Asks: 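Following this message is one structure expressed as structure tokens.
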Amino acid sequence: MKILTFTDLHGSLNALKALQQTQDFKSADQIIFLGDVLMGCSRPNECIELLNKLNITCVLGNNDSYICNGLPQSDKPKFSFIKQNQYLWMNENITSANRAIVASWPRSYVIKDEAITLYFTHYPWNKNKTDVVDEPFIKCLYAREKLFRNIKSDYYFFGHEHKTTIFANKKQSFICVGTLGLKNPGSYVVINTTPEITVEEKLIDFDLDEEIKLMEKAGYPYSKKKLG
């Protein structure tokens, strides 16, 4: 079985269309999106509609939850001025139909057979499921084991951190898939489960400059520090 997984699209339609044209996308048995279609760039509606049209399995990201379920009071002080305005822009511009689609996404997805379990999520959620937990200061195997200590699996695939990393012990592997939409080249991961499981990071070029021009045209507030 060939699984393609990607994450943190953040409203970049060019990135999604570029991924759609790859041979990996066309030959995958299953495609899984790990959340955060919202915030970042200015074409979330188009991205949601294409994800839905392509019948991609999707899980909820923390930014998706902010728009669909409301912003936790504890997070408001953490938002920069730009992110506060992105939040307002998204709330005003996301359609009700697309908001309902994203709100229906689960927080995790599991593939399991007799031999192996694969766990897919945007990031570990807090107990109240209102937001994901804070990122560890140091990314290492111990931090990964602590993050996912309450979830039993062999492989953990997640996003949120915007950088691809792989840590493993003798029994478990923790794979952060990176980001498809906020950096050029974007990244995604291909998983092959037969005859042995393999995990490979792939990079893909897309037109991020056009996304920036469209954000400016739409009056969308963005941070150059978050794009690159």
Side-chain angles (χ1 to χ4, degrees), residues 1-38 40-61 63-64 97-98 101-102 104-106 108-113 115-122 153-166 173-212 214 227-228:
M1 184 178 184
K2 179 177 179 179
I3 304 165
L4 185 154
T5 185
F6 66 103
T7 187
D8 291 85
L9 184 57
H10 288 292
S12 177
L13 185 63
N14 282 339
L16 182 55
K17 284 186 173 180
L19 179 65
Q20 186 186 0
Q21 296 305 312
T22 64
Q23 187 56 39
D24 286 325
F25 188 97
K26 295 174 182 177
S27 61
D29 297 301
Q30 186 169 5
I31 300 168
I32 304 172
F33 172 58
L34 302 182
D36 270 7
V37 69
L38 300 176
C41 298
S42 60
R43 295 198 281 177
N45 287 306
E46 294 89 339
C47 288
I48 295 165
E49 288 158 11
L50 185 54
L51 288 168
N52 200 43
K53 179 181 178 181
L54 295 172
N55 199 30
I56 292 172
T57 300
C58 300
V59 300
L60 192 74
N63 283 289
D64 306 328
N98 286 333
I101 289 171
V102 176
S104 72
W105 294 348
S108 62
Y109 180 78
V110 177
I111 296 176
K112 185 175 184 178
D113 60 25
I116 200 163
T117 301
L118 310 179
Y119 182 84
F120 299 85
T121 190
H122 183 69
S153 185
D154 301 296
Y155 287 82
Y156 303 81
F157 297 91
F158 57 98
H160 188 61
E161 295 178 1
H162 294 184
K163 183 178 180 180
T164 306
T165 57
I166 299 176
S173 295
F174 306 87
I175 300 96
C176 181
V177 179
T179 176
L180 185 70
L182 289 183
K183 294 180 181 179
N184 185 37
S187 60
Y188 64 96
V189 163
V190 174
I191 309 155
N192 281 291
T193 62
T194 53
E196 295 180 353
I197 189 161
T198 60
V199 177
E200 183 180 5
E201 179 194 14
K202 299 287 189 79
L203 300 178
I204 184 171
D205 287 311
F206 66 97
D207 195 341
L208 182 58
D209 290 337
E210 184 188 14
E211 294 290 352
I212 294 172
L214 289 169
L227 303 169

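On a predicted model such as this, the values are computed, not experimentally measured, just so you know. For the single chain, residues carry numbers from 1 onward in sequence order.
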Asks: Could you give all pairs that pass the salt bridge (charged side-chain N to carboxylate O under 4.0 Å, His left out) test and reach residues 177-204, with sequence neighbours left out?
Replies: Asp24-Lys202
Asks: Among all residues two or more places apart in sequence or in another chain, which pass the salt bridge (charged side-chain N to carboxylate O under 4.0 Å, His left out) test with Lys17?
Replies: none
Asks: Can a donor-acceptor pair be found between the side chains of Asn14 and Asp207 at a distance below 3.5 Å?
Replies: no
Asks: Testing the basics here: between Leu38 and Asp64, what is the closest heavy-atom pair and its distance to 0.1 Å?
Replies: N-OD1, 3.1 Å
Asks: List the residues meeting side-chain contact (heavy atoms from CB on, under 4.5 Å) with Thr198, not counting sequence neighbours, and say none if there are none.
Replies: Asn192
Asks: Phe206: what forms a ring pair (Phe, Tyr, Trp, His ring centres under 6.0 Å) with it, not counting sequence neighbours?
Replies: none
Asks: Heavy-atom distance under 4.5 Å between the side chains of Phe6 and Phe33, does that happen here?
Replies: yes
Asks: Check whether any side-chain heavy atom of Ile3 lies under 4.5 Å from a side-chain heavy atom of Ile31, and answer yes or no.
Replies: no
Asks: Taking atom NZ of Lys26 as the centre, does the number of heavy atoms from other residues, nucleotides or ligands within less than 6.0 Å exceed 12?
Replies: yes
Asks: Please name all residues satisfying ring pair (Phe, Tyr, Trp, His ring centres under 6.0 Å) with His160, sequence neighbours left out, ordered by chain then number.
Replies: His122, Tyr123
Asks: My understanding is that only residues two or more places apart in sequence, or in another chain, count here; which of them pass side-chain hydrogen bond (donor to acceptor under 3.5 Å, both in side chains) with Ser27?
Replies: Lys2
Asks: State whether the side chain of Ser153 and the backbone N or O of Thr117 hold a donor-acceptor pair below 3.5 Å, judged by distance alone.
Replies: yes
Asks: Looking at every non-hydrogen atom in both residues, tell me the closest pair between Ile204 and Thr22 and how far apart they are.
Replies: CD1-CG2, 3.4 Å
Asks: Under the 3.5 angstrom rule, does the side chain of Thr193 hit a backbone N or O of Met1 as a donor-acceptor pair?
Replies: yes
Asks: Indicate the atoms forming the closest heavy-atom contact of Cys41 with Leu227, along with that distance.
Replies: SG-CD2, 4.4 Å
Asks: Identify which one of Leu180, Thr121, Val177 satisfies the side-chain contact (heavy atoms from CB on, under 4.5 Å) criterion when paired with Thr7.
Replies: Val177
Asks: Kindly indicate whether the side chain of Ile111, heavy atoms from C-beta on, has any atom under 4.5 Å from the side chain of Ile32.
Replies: yes
